[in-house]
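Single-structure report; data block below.
Naming convention: chains lettered A, B, ... in sequence-line order (proteins, then strands); numbering from 1 in each chain. Owing to the predicted nature of the structure, the values given are computational and were not obtained by experimental measurement. Note that these values count all heavy atoms, side chains included, but never hydrogens, waters or copies made by symmetry.
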Amino acid sequence: MVHLSSFLLKKYHGGYVVIRLALAGHKQANRPFYRIVAAYNKRARDSKYIEQLGTYDPLPNIYNEKLVSFNFDRIKYWIGCGAHPTQSAAKLLGLAGFFPLHPMTITVAERQRAQTLQAETSTAEEDMREQSQKEADV
Amino acid sequence: MFQVIGGRSVQAARLLSPRSAVLLEAVRGRKSREDPVAKSKEGRIKVPPPVDPVEMVVLKERFSEYQLIMRALRLEFKEEVLRKKYQEETGSMAEERAKQEAEEHRALMAWNDQENQRLLKLRMLRFQKEKEEAERKRVEAEIQREQEQQELITQREREILQLQEDAKNFITLENLDQRIEEALDNPKNYNFAIDKQGRVVKQTVQQ
């Protein structure tokens with residue numbers, strides 16, 4: 001197995017490396033900002049990590065964009081060393097194009113589309129019914 | 001509930017004295033184990049969201065595909081990492097780098113030797129200069145000492161001459177009588193006054 005470089009002193013029994021989102025600057029309320037990070041599984045979400053591999057800003061900016069950054073070279077290295085990405089990290093990478101699109105992204109999008117269609121059709125039906133009622137009244 | 005005060009003291013303070021009409025935000029872990037269930041949630045049975053079988057089939061298909069692709073990617077990346085490591089250690093670039101490093105080392109050692117030579121020369125010059133300086137100083141000190149000795153000798157000679165001069169006025173056994181007679185014949189009076197301008201006044205005592 002490939003030898004992991006640069007450890008953080010502690011040895012974990014049966015621990016593995018994950019690529020996940022860690023909340024940065026968590027002393028600020030109501031302004032989240034995530035760092036995409038390679039860390040040990042057992043560590044707390046925001047505590048010491050092995051390496052930072054990118055950022056994710058969940059709040060949209062003035063141009064209505066959510067900014068994400070990745071260090072693809074190092075992500076490749078860590079995945080090659082046997083790191084597991086979490087669901088949200090995998091979804092972000094899928095949207096970026098580095099991974100295939102996550103199935104849940106597709107299903108959630110489909111559900112939302114079905115919901116909006118249903119809402120549209122129900123409003124269209126209501127309009128039709130109102131129109132027919134008015135005609136009947138008239 | 002009171003065990004949680006340590007972590008969320010601000011919220012607890014607000015809870016104990018609710019002055020504002022604004023409700024507390026939902027704080028995770030507000031309730032401890034022994035707290036009873038809230039009244040509004042008494043008969044609640046938690047039900048997971050309903051599963052659409054058609055969607056589930058499609059989803060399972062998608063997931064299997066996704067996992068296949070992910071596994072392939074993982075193996076690819078692993079291979080790339082191993083190849084990089086191998087190239088690092090035993091590649092064509094590694095040999096070239098080793099050669100370059102050896103050459104650099106040799107050049108640096110040569111430069112170092114040159115520097116050492118130069119500094120050695122400088123040091124020798126400095127040494128020479130210091131030796132000459134020391135020699136000069138020694139010679140000067142000798143001269144100085146000689147001069148001082150000469151001066152001392154002259155001073156002693158002068159003293160001796162002075163003594164010899166004085167010896168003519170000494171009172172010896174032969175002169176004794178003569179001198180006593182002379183002293184008795186010439187009484188010396190040391191009673192005199194002196195005023196502010198420095199003029200000597202000899203007549204002080206009414207004689």
Problem - Ile75(A) portion near chain B, given a 4.5 angstrom heavy-atom threshold - result: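 Ile75(A) has no heavy atom closer than 4.5 Å to chain B.
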
Handout entry: Any Tyr77(A) side-chain heavy atom under 4.5 Å of Glu80(B) side chain
Key = no

Exercise for the section: Kindly indicate whether the side chain of His84(A), heavy atoms from C-beta on, has any atom under 4.5 Å from the side chain of Arg74(B). Expected result: yes

Tell me, yes or no, whether the heavy-atom count around [X] atom [atom1], taken from other residues, nucleotides or ligands under 6.0 Å, exceeds 12.
X         : atom1 : answer
Arg31(A)  : CZ    : yes
Gln87(A)  : CD    : no
Phe127(B) : CZ    : no
Phe63(B)  : CZ    : yes
Glu65(A)  : CD    : yes
Glu146(B) : CD    : no
Phe72(A)  : CZ    : yes

Practice task
Check Pro100(A) against Leu73(B) and note the closest heavy-atom contact, atom names and distance.
Solution key: CD-CD1, 3.9 Å

Practice task
Can you see which heavy atom on Val81(B) is nearest to which on Lys76(A), and at what distance?
Solution key: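 Looking at all heavy atoms of both residues, the shortest contact is CG2-O, 4.3 Å.
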
Completion exercise
Bottom line for Glu55(B): the part with an atom under 4.5 Å from chain A's heavy atoms is side chain

Practice task
Salt-bridge test for Asp73(A) and Lys84(B): reply yes if a basic N is under 4.0 Å from a carboxylate O, no otherwise.
Solution key: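 Salt bridge present between Asp73(A) and Lys84(B).
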
Exercise for the section: Just do the ring pair (Phe, Tyr, Trp, His ring centres under 6.0 Å) check on Phe77(B) and Phe98(A) with the steps written out, would you? Expected result: CA-CA 12 Å; Phe77(B) 295 152; Phe98(A) 192 64; 5.8 Å; yes

Exercise for the section: Nearest 0.5 Å please: distance from the OG1 atom of Thr105(A) over to the OH atom of Tyr66(B). Expected result: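 Answer rounded to 0.5 Å: 8.0 Å.
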
